[in-house]
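First up is the structure itself, then whatever we jot down about it.
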Number of protein chains: 2
Amino acid sequence: MYKEINKYVSKCISISEQELAYFNSLLKYKKVKKKVILLKAGDVCDFEIYIIKGCIRVFYIDENGIEVDLFFAVEDWWVSDLASFSQRTPAKLFIQTLEESELLFIDFKSKEKLFAKIPSFEKLFRLMLQRTNETLINRLISNISKPAEERYKEFIKKYPTISQRVPQHLIAAYLGISAEFLSKIRKRLSKK
Amino acid sequence: MYKEINKYVSKCISISEQELAYFNSLLKYKKVKKKVILLKAGDVCDFEIYIIKGCIRVFYIDENGIEVDLFFAVEDWWVSDLASFSQRTPAKLFIQTLEESELLFIDFKSKEKLFAKIPSFEKLFRLMLQRTNETLINRLISNISKPAEERYKEFIKKYPTISQRVPQHLIAAYLGISAEFLSKIRKRLSKK
DNA sequence: AAAAAACATTGAACTAGTTCAAGAAATCGT
DNA sequence: ACGATTTCTTGAACTAGTTCAATGTTTTTT
C-alpha cells in the first residue's frame, strides 16, 4: 500500500480500505534516475504517473527544435500526455525527470479496469482534468496579457518550491521568454 | 426534440430515443439578440450552453481593463465558465453573443440529474473536457513559441468560418496582439 | 438617407524581448 | 579533488510588437 497516493485519493473521493487495496494493486512502483526521458514524442503514452518523490517536466519541441516547458510536477502531482494516453495516439509531448524520482505508474488497461470496478474514480479523474483546465486557462490569460516580469513573479509566488528546484533556463522556457531575459528580469527585481 | 444537439450527442455516446427525450426535457431553449452578455465575472455561472445557431465569445477582463478573448464558439459547440459552473464559485469570465443566437441551456441541477439517470453522459462531458484541454495546450504552445503572424495563419486555417464572422480586433485580442499590429500583419500577408 | 457608432488602417516614436558571443559560477561524475 | 558539463550573467545590436493619434471604412440606428 502506497500511503501518499492513498491520502491523495481519499481527499477527493470517499473510498473503502478494500477499494484502495485494489487500486494499489494496479499501480507499478519505479525509482528513476535524474534526467531520464519517460516519454518521447511519437510514442504512445501508456501511463499516468503519480509522483511520490521527485520532480518532472513535461515539454514540447517545436519545428525549430525549441523546447517549450508546459508543466513542472513535484510530490503529490500527476503527469501524463493525456491526449496520447486517452486516444492511444502518438504523443506530441516529452516527459522527463529532473531529479531522481519515486513514481507510481498506472497504464491504460488498468485504468479501464479501475473505472469499471470503482466508478467513483471517474469522478476523481474528472476533477483532476477540471483543475488542469483551470490552470491552463489562467496560464493562457497571463501569457497573453501580462509582461514577462509579472508572469515570473506570479510563477515564484504560486510555485515557490518548484522555482527553487528547476533550473532557471527551463523556467524561462515555461514563461515563454529567453533565458537571458529572465536573468535580466531577476537582476532588475533584486535591485528593488 | 432538438435535432442538432441530439445528433451531436449520438456521435459521441450510444443512447436510446427515450434517453434522448429525457435529456431534451432538461434543456431550455432561448433566442438571444446580438451583443447580449450571458455571464459576467462575479456571478456564478449556472449553465452550459449548446449553440444551435449563432456565435459567442468568452473573454476575460484583466486588472487594467484589457479584454482577452479566450474562445469563440459557433454552431454545434458548447460554452460555459466551467470553473464557476462546477464549483459554484463566482465566474472570472464573461460570455457574450456576437450574433443573434439560438441556444440551449442546461443548468447545474439538471446536469446532476442527467448524470444520475444516464451515466454515459458523464463520459460525454469528460470527452468534451479532454478536447478543451488539448486545445488549450496547443494554444499555449503556439502562444509561447510562435510569432504573431504564424499564430494568425494557424487561426484562420483552423477556424476559417470564425475568422470571417468575428471582428478583427477581437481576433487580435484572442491572439494576444494589438488590433493595429494584426492589421499590419494582414497587409503584409496580402502583399505576398 | 443621414447621423452615429463600431471597426479597420496607417505612420511615427517607442519598448519589451531576442540573439549572439563571451565569460563567470555552480554542479556533476569519477 | 579535478576537469567537464551545465547553468547563469552581461552587454551590444537588433526586431517584433506596442501606443498614440489621426483618418478612412463599414455597419447600425433612427
Side-chain angles (χ1 to χ4, degrees), chain A residues 32-37 54-55 57 59 62-69 72 96-101 142-156 162-191, chain B residues 32-37 54-55 57 59 62 64-69 72 96-101 142-156 162-192:
Chain A
V32 181
K33 290 248 167 68
K34 200 174 180 168
K35 296 211 183 180
V36 173
I37 298 277
C55 186
R57 69 190 274 240
F59 64 105
D62 75 11
E63 314 78 48
N64 313 312
I66 291 169
E67 297 184 6
V68 180
D69 280 281
F72 302 115
Q96 182 187 31
T97 53
L98 288 174
E99 302 174 355
E100 176 167 88
S101 303
S142 63
N143 246 292
I144 286 181
S145 69
K146 289 175 190 158
E149 180 170 326
E150 266 192 74
R151 263 143 55 210
Y152 176 63
K153 284 194 284 188
E154 267 177 17
F155 178 81
I156 50 178
I162 292 183
S163 65
Q164 284 174 337
R165 286 163 79 171
V166 171
Q168 243 182 74
H169 68 279
L170 296 184
I171 296 177
Y174 174 97
L175 296 172
I177 57 177
S178 67
E180 293 93 332
F181 190 53
L182 178 54
S183 176
K184 282 159 196 171
I185 288 174
R186 283 163 53 81
K187 193 180 179 186
R188 210 152 68 200
L189 291 176
S190 73
K191 277 184 184 162
Chain B
V32 182
K33 288 250 169 67
K34 202 175 178 165
K35 298 212 180 176
V36 173
I37 297 277
C55 185
R57 70 191 274 241
F59 63 104
D62 76 11
N64 313 313
I66 290 170
E67 298 185 5
V68 181
D69 279 281
F72 302 114
Q96 184 187 29
T97 53
L98 288 175
E99 302 172 356
E100 178 167 88
S101 304
S142 64
N143 246 292
I144 286 180
S145 69
K146 290 174 190 161
E149 180 170 326
E150 267 191 71
R151 262 145 52 212
Y152 177 62
K153 286 194 283 187
E154 267 177 17
F155 178 80
I156 48 178
I162 293 181
S163 64
Q164 284 174 338
R165 287 164 76 172
V166 171
Q168 243 182 75
H169 69 278
L170 296 184
I171 295 178
Y174 174 98
L175 295 172
I177 58 178
S178 67
E180 294 93 333
F181 191 53
L182 178 53
S183 174
K184 282 160 195 171
I185 287 175
R186 284 163 53 81
K187 195 183 179 189
R188 212 151 66 197
L189 291 176
S190 70
K191 280 185 182 163
K192 292 184 184 167

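Basis for what follows: all heavy atoms, side chains included, without hydrogens, waters or symmetry-related copies.
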### Message
Students often mix this up, so state it plainly: with edges at 30° and 60°, are the rings of Tyr174(B) and Phe155(B) parallel, tilted or perpendicular?
### Response
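Tilted: the ring planes of Tyr174(B) and Phe155(B) meet at 30° to 60°.
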### Task
Quick one: do Val166(B) and Asp69(B) satisfy side chain to side chain contact (heavy atoms under 4.5 Å, CB included)? Show the steps, please.
CA-CA 11 Å; Val166(B) 171; Asp69(B) 279 281; over 6 Å; no
### Task
Take atom CD of Gln164(B) and atom P of dT27(D), then tell me their distance rounded to the nearest Å.
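For the pair Gln164(B) CD and dT27(D) P, the rounded distance is 13 Å.
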Quick check on [N]: is either OP1 or OP2 less than 4.0 Å from any side-chain nitrogen or oxygen of [X]?
{"X": "Arg186(A)", "N": "dT9(D)", "result": "yes"}
{"X": "Lys187(B)", "N": "dA8(C)", "result": "no"}
{"X": "His169(A)", "N": "dC8(D)", "result": "yes"}
{"X": "Lys33(A)", "N": "dC28(C)", "result": "no"}
{"X": "Lys184(A)", "N": "dG11(D)", "result": "no"}

By nearest atom, which of the nucleotides [options] is closest to the [X] side chain?
{"X": "Pro167(A)", "options": "dC8(D), dT9(C), dT10(C)", "answer": "dC8(D)"}
{"X": "Lys35(A)", "options": "dG17(C), dT6(D), dG11(C)", "answer": "dT6(D)"}
{"X": "Ser183(B)", "options": "dT18(D), dT10(C), dT10(D)", "answer": "dT10(C)"}
{"X": "Glu180(A)", "options": "dT9(C), dG17(D), dT10(D)", "answer": "dT10(D)"}
{"X": "Gln168(B)", "options": "dA8(C), dT19(D), dT19(C)", "answer": "dA8(C)"}
{"X": "Phe181(A)", "options": "dG17(D), dT9(C), dG17(C)", "answer": "dG17(C)"}

### Task
Tell me which of Ile177(B) and Lys34(B) sits closer to the 5' end of DNA chain D, going by the nucleotide each one is nearest to.
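Nearest nucleotide further toward 5': that of Ile177(B).
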### Task
Let me see the working for Phe72(A) and Leu170(A) under side chain to side chain contact (heavy atoms under 4.5 Å, CB included), right down to the final yes or no.
CA-CA 9 Å; Phe72(A) 302 115; Leu170(A) 296 184; 4.0 Å; yes
### Query
Lys146(A) near the nucleic acid: base, sugar-phosphate alone, or nothing, with a heavy-atom cut-off under 4.0 Å?
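Since no nucleic acid heavy atom lies under 4.0 Å of Lys146(A), the category is nothing.
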### Heavy-atom donor-acceptor pair, Thr97(A) side chain to Lys33(A) backbone, under 3.5 Å
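The answer is yes, because a donor-acceptor pair under 3.5 Å joins these two groups.
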